[in-house]
Amino acid sequence: MMQINFIPLDYGFFDWQGKNYIRIIGRDDKGKRVCIIDNFDPFLWAIFEKGVSDKKIKNIQKKIEKIEIKLPSRTTKVIKTEIYNKNFLGKSVKAIKIFITNYKDAHSVADKLGFKEIKARREYDLNIITKYITEKKLIPLSWHKISGEILNNSYEFGGIDSVLDIDLCIKVEKIEKNDDKKNEKFKPKILAFDIETDELELGRGEVLMISLVSDNFKKVLTCKKHSKKFNYVEYFKTEADMLEAFMKYVAKLSPDVLVGYFSDGFDVPYLKARAEKNKIKLALGLDKSQPSFFRGRIPKAKITGIVHIDLFRFIETVYSQYLQSETLGLNDVAYELLGEGKNKFEFKHSSKLKEHEWEAFFEYNLQDSVLAHKLAEKLWPDMVEFSRIIQEPLFEITRSSMSQLVEYYIIHGLSKYNEIAEKRPLNDKIKNRRQMGKYSGAFVFQPKPGLYKDIVMFDFTSMYASVIFTYNLSLSTFLEKKSSNALTVNLDKEKVYFSKKQGFFPLMLYDIIEKRKKYKKEYKQNPNPIAKARSNAYKLLANASYGYQGFFGARYYCREAAASTAALAKKNILETIDKVEKQKYKIIYSDTDSIAFLLGKRTKKQILDFLKKLNSELPGIMELELEDFYKRGLFVAKRTVKQGAKKKYALIDEKGKLKIRGFETVRRDWCKLVRNLQNNILKRILIDGDEKKALQILQKTIDDLKKRKISRKEIIIKTQLKKPISEYKSRTPHVIAAEKMKKRGTPVDVGMLIEYYIAETQGAKKLVREKVKLPDEKGQYNINYYLEHQILPAVENIFEVFGINKEDLFNKEQKKLHEF
DNA sequence: GACTGAACTATACC
DNA sequence: ACGGGTATAGTTCAGTC
């Protein structure tokens with residue numbers, strides 16, 4: 001027997017003699033790589049109808065215990081069964097826990113439970129690792145004390161310990177939390193990698209080079225050119241040799257995590273395809289296994305024993321909403337998060353590269369890994385906190401959608417409520433749910449165009465989450481019929497009812513909100529990455545929970561709860577607006593959970609007192625907070641009709657910081673020229689309230705445009721291709737540009753940002769698409785188009801606020817313009 | 001062929 | 001298919017005269 005301190009990183013399972021075992025790889029506190037093997041009897045539940053007699057239950061139990069699934073390769077048997085009083089969707093039920101030898105056949109076992117006394121079968125559709133963690137509480141990335149027997153070249157489990165490249169292998173006897181090490185940081189060995197190829201299609205061309213970056217380690221492996229200039233470049237005669245060296249380095253460096261950027265979608269599958277071509281195995285796993293791929297929108301590439309993280313996927317779901325970069329490509333994201341981008345390099349087919357270009361190529365390849373490595377270190381606290389809070393392995397956390405993250409959080413929290421998990425909806429159910437129309441959502445106040453001074457902004461903290469808890473809105477509290485003491489919610493066309501008996505989902509949200517508050521406060525008192533990551537993780541979970549209940553793919557989908565959440569949030573904000581107005585404040589704007597009004601002659605102290613009073617009158621845990629005071633704010637009219645535009649405004653706070661929403665400035669599908677111009681105009685107007693200076697800026701740009709002084713870069717329009725070209729019903733400019741690209745042989749993929757500009761053309765071309773040219777296509781920009789369709793729409797409504805109309809801006813002589 | 005409203009499309013806000 | 005609804009706005013498309 002032996003005891004170690006252990007931190008779990010990678011979870012997997014295997015079969016041995018027809019039975020499932022769980023294999024977890026992690027580190028001990030001395031940095032040794034450890035594998036622990038745990039016995040686990042997976043199970044599913046059968047829930048009995050109400051009022052089934054004990055005798056009948058015993059009878060069924062006996063029949064269930066005899067169930068066998070016979071397959072050519074294995075026979076799955078019921079190990080044992082146990083009867084429990086459980087909860088299912090908030091109601092107490094009698095249920096039978098059915099332990100089976102092989103979880104792969106859980107579905108088949110469930111199919112054999114067609115007794116009329118059994119009303120539901122559950123938890124056969126969870127993955128075995130999720131189940132294991134909920135049962136044994138071996139929380140990812142948390143320290144545990146593991147006791148057990150050391151396996152040393154034993155034949156147990158088919159000699160797994162000798163196959164794995166590890167320092168120690170333990171057969172688990174006991175798992176305990178290790179609270180002494182609760183706050184001890186774990187520094188992982190991170191290895192970043194990136195490949196370069198001639199072709200983008202998987203496996204079509206050779207891998208030209210592979211870069212590897214870790215702490216104090218930099219390498220570029222290549223099978224193409226010797227480099228005298230860089231000592232980090234290592235040359236191999238063949239692609240196969242290079243791939244072998246890559247595996248050798250990964251094994252030697254022994255990383256806990258291997259990170260790439262879009263490596264699920266490109267690098268790993270490409271490497272595997274090339275290995276196959278070369279008739280070698282891409283043996284990256286600690287057991288020399290090849291990466292395995294799991295189905296999904298983008299396949300998930302798993303490497304045994306090493307956590308492969310595709311940073312792009314984690315950033316896409318968890319970080320993108322906080323980023324303002326135009327794309328989620330490595331360059332843009334790295335610039336924003338690290339202040340450093342990719343190297344510039346002009347791609348050519350490798351056969352056409354000159355000596356010095358190869359050198360630039362090596363550097364380019366290395367830099368990608370450098371960035372991936374830095375990003376991984378920066379995002380590590382976030383990944384860890386998500387993994388700990390949601391209790392799923394890093395591999396899953398970094399690849400899950402928001403709804404999956406919420407769902408995992410729920411599932412791992414169910415044991416506290418003695419709940420059996422609801423099943424995943426089947427295809428026909430999903431279809432039905434998707435066919436349901438939309439329900440009414442948030443309230444948005446129609447602003448009056450104008451430049452306002454001294455603005456107060458209040459907003460509700462985690463509004464929807466606090467509504468869900470306050471009113472107890474969830475699937476398990478939803479009532480089909482009205483009952484005494486139920487809450488009635490008026491929706492668009494119907495009334496729906498919710499029980500007042502506390503539901504587990506709203507309670508979980510209460511916990512999330514409280515923890516979010518706690519860690520936010522902790523971060524304010526002592527700013528550190530961990531508190532920030534924690535607070536952020538809880539904030540995200542709180543925000544996503546409302547969408548989760550309205551999401552057709554959710555286990556705990558409840559349209560009525562989602563619609564009621566929106567309706568009650570709306571009711572509360574309208575009532576609050578009413579109270580603000582009753583105090584003679586002038587409301588200027590409101591969107592979903594925020595209210596903006598004029599300070600007027602009141603003091604800040606009065607505002608804060610008023611806020612306190614409002615809070616004392618709010619129901620449940622709903623809470624209004626001061627978002628900020630703003631010095632000035634600009635609201636404009638819509639282009640079509642003469643009324644204020646919603647979701648479009650610019651504010652400046654007392655420190656001079658701008659908050660611009662909805663304007664073309666923040667839209668990536670407008671050209672840089674217009675975005676910068678509008679931004680400068682807004683800045684001038686907000687900083688000193690002077691529209692005349694702003695007008696001069698505009699005039700200068702118009703002059704430059706007319707004199708053709710504007711660079712090509714400035715007038716490029718970028719629009720995302722959201723589906724395959726053939727699926728477009730409307731042939732819009734960006735579709736035409738995409739077609740042009742395809743014609744010339746540039747790869748065009750769904751999701752790409754298509755770049756083009758509008759050029760002067762011969763003859764009377766009416767449609768915009770007839771003037772589309774690609775960025776490097778010869779031509780002159782179309783002055784009239786950029787004037788009428790880009791600059792004018794972006795500035796017209798701003799100047800209109802000051803009584804300067806379109807004619808004043810464009811049609812009058814320049815002299816007149818200077819008079820303003 | 002010019003005009004007009006609807007449809008399609010992309011993107012933002014919260 | 002992989003959170004929800006609300007909102008603006010440009011361009012094309014299809015119908016009218």
Side-chain angles (χ1 to χ4, degrees), chain A residues 295-298 313 316-317 321 324 326 399-407 424-425 427 430-431 433-434 436-447 459-460 462-464 492 540-554 556-557 559 561-563 565-567 569-570 573 589-594 627 636-641 643-649 659-670 717-723 727-736 753-754 758 764 766-772 785 788-790 792-794 796-797:
Chain A
R295 272 196 300 173
R297 193 167 49 101
I298 307 167
R313 300 188 80 151
E316 189 185 29
T317 50
Q321 57 175 315
Q324 37 191 10
E326 273 179 26
R399 285 167 177 80
S400 297
S401 63
M402 270 327 289
S403 68
Q404 273 177 296
L405 292 178
V406 173
E407 197 153 280
R424 196 184 297 133
N427 279 340
I430 290 180
K431 219 172 166 185
R433 290 176 180 181
R434 296 191 73 198
M436 301 289 283
K438 284 187 172 183
Y439 55 84
S440 303
F443 167 74
V444 189
F445 184 91
Q446 181 136 48
D459 65 13
F460 283 92
S462 302
M463 191 189 210
Y464 282 22
D492 302 326
L540 236 71
L541 283 173
N543 287 345
S545 56
Y546 155 71
Y548 173 80
Q549 292 204 98
F551 169 52
F552 53 77
Y556 292 97
Y557 170 82
R559 189 178 187 273
T565 306
K570 192 171 179 173
I573 199 154
Y589 191 59
S590 165
D591 185 349
T592 312
D593 61 355
S594 67
E627 203 257 349
V636 300
K638 284 197 274 197
R639 286 213 86 205
T640 43
V641 277
Q643 53 179 228
K646 298 172 178 180
K647 300 191 186 285
K648 215 171 176 182
Y649 59 86
K659 182 174 176 175
I660 298 177
R661 296 288 120 99
F663 274 109
E664 284 73 7
T665 301
V666 296
R667 294 184 60 100
R668 70 170 179 193
D669 56 347
W670 284 73
I717 297 165
K718 298 176 190 174
T719 314
Q720 191 181 32
L721 194 71
K722 305 204 91 159
K723 53 190 174 192
E727 283 177 27
Y728 279 88
K729 290 177 184 168
S730 191
R731 294 168 56 76
T732 55
H734 81 292
V735 173
I736 300 300
L753 266 191
I754 306 293
I758 304 304
K766 251 177 38 189
L767 296 173
V768 179
R769 66 158 172 247
E770 292 166 318
K771 304 170 203 164
V772 167
Y785 176 83
E788 293 283 337
H789 293 259
Q790 290 276 325
L792 178 67
E796 189 183 7
N797 297 332

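Order of the sequence lines sets the chain letters (A, B, ...), proteins ahead of strands, with each chain counted from 1.
- The ring-ring contact (aromatic ring centres under 6.0 Å, His included) test applied to A:Tyr728 returns A:His734, not counting sequence neighbours.
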Item to complete: Can you check each nucleotide of nucleotides 6-14 of chain B against protein heavy atoms at under 4.0 Å and return B for base, S for sugar-phosphate only, - for none, in 5' to 3' order?
Response: --SSBBSBS
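- For A:Glu326, the side chain to side chain contact (heavy atoms under 4.5 Å, CB included) partners are A:Asp332, A:Arg668, A:Lys672, A:Arg675, A:Lys718, A:Leu753, not counting sequence neighbours.
- Looking at residues two or more places apart in sequence or on another chain, you find a side-chain hydrogen bond (donor to acceptor under 3.5 Å, both in side chains) between A:Asp492 and A:Ser440.
- Comparing B:dT9 with C:dG3, their P atoms are spaced 22 Å from each other, to the whole Å.
- Contact annotation for A:Ser440: backbone-only contact, meaning every heavy-atom pair under 4.0 Å involves sugar-phosphate atoms and none involves a base.
- Residue-level contact check: A:Ala562 touches neither bases nor backbone, having no heavy atom under 4.0 Å from any strand.
- With sequence neighbours left out, A:Arg434 forms a side chain to side chain contact (heavy atoms under 4.5 Å, CB included) with A:Ile430, A:Phe552.
- The side-chain hydrogen bond (donor to acceptor under 3.5 Å, both in side chains) check on A:Ser594 picks up nothing, with sequence neighbours excluded.
- Under the rule for a side-chain hydrogen bond (donor to acceptor under 3.5 Å, both in side chains), A:Asn543 has no partner lying at least two apart in sequence or in another chain.
- Contacts of A:Tyr439 with the nucleic acid, taken as non-hydrogen atoms under 4.0 Å apart, involve only primed sugar atoms and P, OP1 or OP2.
- Of all nucleotides in DNA chain C, those with any atom nearer than 4.0 Å to a heavy atom of chain A start and finish, going 5' to 3', at C:dA1 to C:dC13.
- In this structure, A:Tyr785 reaches the sugar-phosphate backbone alone: every heavy-atom distance under 4.0 Å involves primed, P, OP1 or OP2 atoms, never a base.
- With sequence neighbours excluded, no residue forms a side-chain hydrogen bond (donor to acceptor under 3.5 Å, both in side chains) with A:Arg661.
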